[in-house]
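Take a look at the structure set out below.
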Amino acid sequence: MTNIKALFKVILKSTLASFSSSKSKALNILLWVIIGLFAIIPLVFVFSFMFKEILMMLHTVNQTGIFVSLILVLITIVIAVFSMLQIPSVYYFSNDTEFFISLPIKPYEIVMSKFLVVI
């Protein structure tokens with residue numbers, strides 16, 4: 001269990017290491033965040049209009065409770081899509097597997113720690 005905990009910390013830190021680096025990279029990340037915000041603003045208006053219209057349609061048939069269920073389903077789908085994009089990067093495209101194999105660690109501990117990082 002201690003090996004799994006230590007590997008979990010190492011894999012999590014190596015996964016998140018790309019977010020902390022030099023000042024030029026931080027400026028580049030800030031630029032992408034600003035571009036992302038300008039791209040998200042029109043989406044907010046589109047989704048708010050769409051949800052308003054859906055709520056008005058559901059209100060006419062007295063089914064406004066379905067709206068909450070619809071939003072929960074959409075959130076679940078978004079989380080599933082992002083998880084499907086993260087799983088291959090943690091399991092297959094990471095460069096730490098060769099390093100972990102050379103250590104005296106059992107294979108199930110490596111897989112379990114990667115599984116915990118994905119979760």
Side-chain angles (χ1 to χ4, degrees):
M1 185 65 185
T2 57
N3 287 339
I4 295 174
K5 187 176 179 181
L7 280 174
F8 170 73
K9 288 181 182 179
V10 168
I11 294 171
L12 190 64
K13 284 182 182 180
S14 69
T15 304
L16 299 176
S18 63
F19 293 116
S20 63
S21 62
S22 67
K23 189 175 183 179
S24 64
K25 191 168 183 179
L27 186 61
N28 192 12
I29 291 172
L30 179 65
L31 178 68
W32 279 108
V33 167
I34 292 171
I35 291 171
L37 286 176
F38 281 118
I40 289 175
I41 290 172
L43 285 175
V44 169
F45 289 116
V46 168
F47 282 121
S48 65
F49 177 75
M50 184 178 66
F51 286 146
K52 179 183 168 192
E53 292 297 318
I54 290 172
L55 192 58
M56 288 173 56
M57 285 189 297
L58 290 173
H59 183 67
T60 58
V61 291
N62 293 328
Q63 294 294 327
T64 55
I66 295 174
F67 187 69
V68 175
S69 299
L70 176 70
I71 290 177
L72 290 175
V73 167
L74 289 174
I75 289 172
T76 304
I77 290 171
V78 167
I79 289 172
V81 167
F82 284 130
S83 295
M84 287 181 206
L85 296 174
Q86 182 190 12
I87 288 170
S89 68
V90 170
Y91 279 107
Y92 302 112
F93 300 126
S94 62
N95 296 327
D96 56 359
T97 307
E98 293 87 13
F99 176 71
F100 292 145
I101 290 174
S102 65
L103 295 174
I105 300 171
K106 297 179 177 124
Y108 79 89
E109 294 173 338
I110 298 171
V111 173
M112 184 61 123
S113 61
K114 288 187 179 223
F115 176 71
L116 291 174
V117 168
V118 168
I119 289 179

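If you read the sequence from its start, that first residue is 1, and numbering goes on from there. Keep in mind that what you see is a predicted model, and the values were worked out from it rather than measured.
Cluster annotation: F82 is not connected to Y92 through the hydrophobic network of ILVMFWY side chains, with a link wherever side-chain heavy atoms come within less than 4.5 Å. Note: the hydrophobic cluster containing I79 also contains F47 (ILVMFWY, side chain heavy atoms under 4.5 Å, direct or indirect links). Taken together through direct or relayed side-chain contacts under 4.5 Å among Ile, Leu, Val, Met, Phe, Trp and Tyr, I75 and V44 form parts of separate hydrophobic clusters. Hydrophobic clustering (ILVMFWY, side-chain heavy atoms < 4.5 Å, transitive): V78 and M50 are in distinct clusters. A continuous path of Ile, Leu, Val, Met, Phe, Trp and Tyr side chains, each step under 4.5 Å between heavy atoms, connects L43 with I71, placing both in one hydrophobic cluster.
Here CG of L30 is found 10.0 Å from CD1 of I35. Values are rounded to the nearest 0.5 Å. To the nearest 0.5 Å, the span separating CG on L7 from OG1 on T2 amounts to 9.5 Å. Note that CZ of F49 and CD1 of I54 are 10.5 Å apart. Values are rounded to the nearest 0.5 Å. With rounding to the nearest 0.5 Å, the separation of CD1 in I66 from CG in L55 is 11.5 Å.
Annotation: side chain of F51 is in contact with side chain of L74 (closest heavy-atom distance under 4.5 Å). Residues L27 and L31 form no side-chain contact, since every pair of their non-hydrogen atoms from C-beta on lies 4.5 Å or further apart.
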Only distances under 3.5 Å count here; give the side-chain donor-acceptor pairs of residues 108-119 to other protein atoms, sequence neighbours excluded, each with its distance to 0.1 Å.
from	atom 1	to	atom 2	distance (Å)
E109	OE1	N3	ND2	3.2
E109	OE1	K106	N	3.3
S113	OG	E109	O	3.1
S113	OG	I110	O	2.8
K114	NZ	V90	O	3.2
K114	NZ	S94	OG	2.9
K114	NZ	D96	OD1	3.3
K114	NZ	T97	OG1	3.1

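The number of heavy-atom neighbours closer than 6.0 Å to OH of Y91, taken from other residues, nucleotides and ligands shown, is above 12.
Listed by first and then second residue, the side-chain hydrogen bond (donor to acceptor under 3.5 Å, both in side chains) pairs that reach into residues 29-41 are N28-W32, sequence neighbours excluded.
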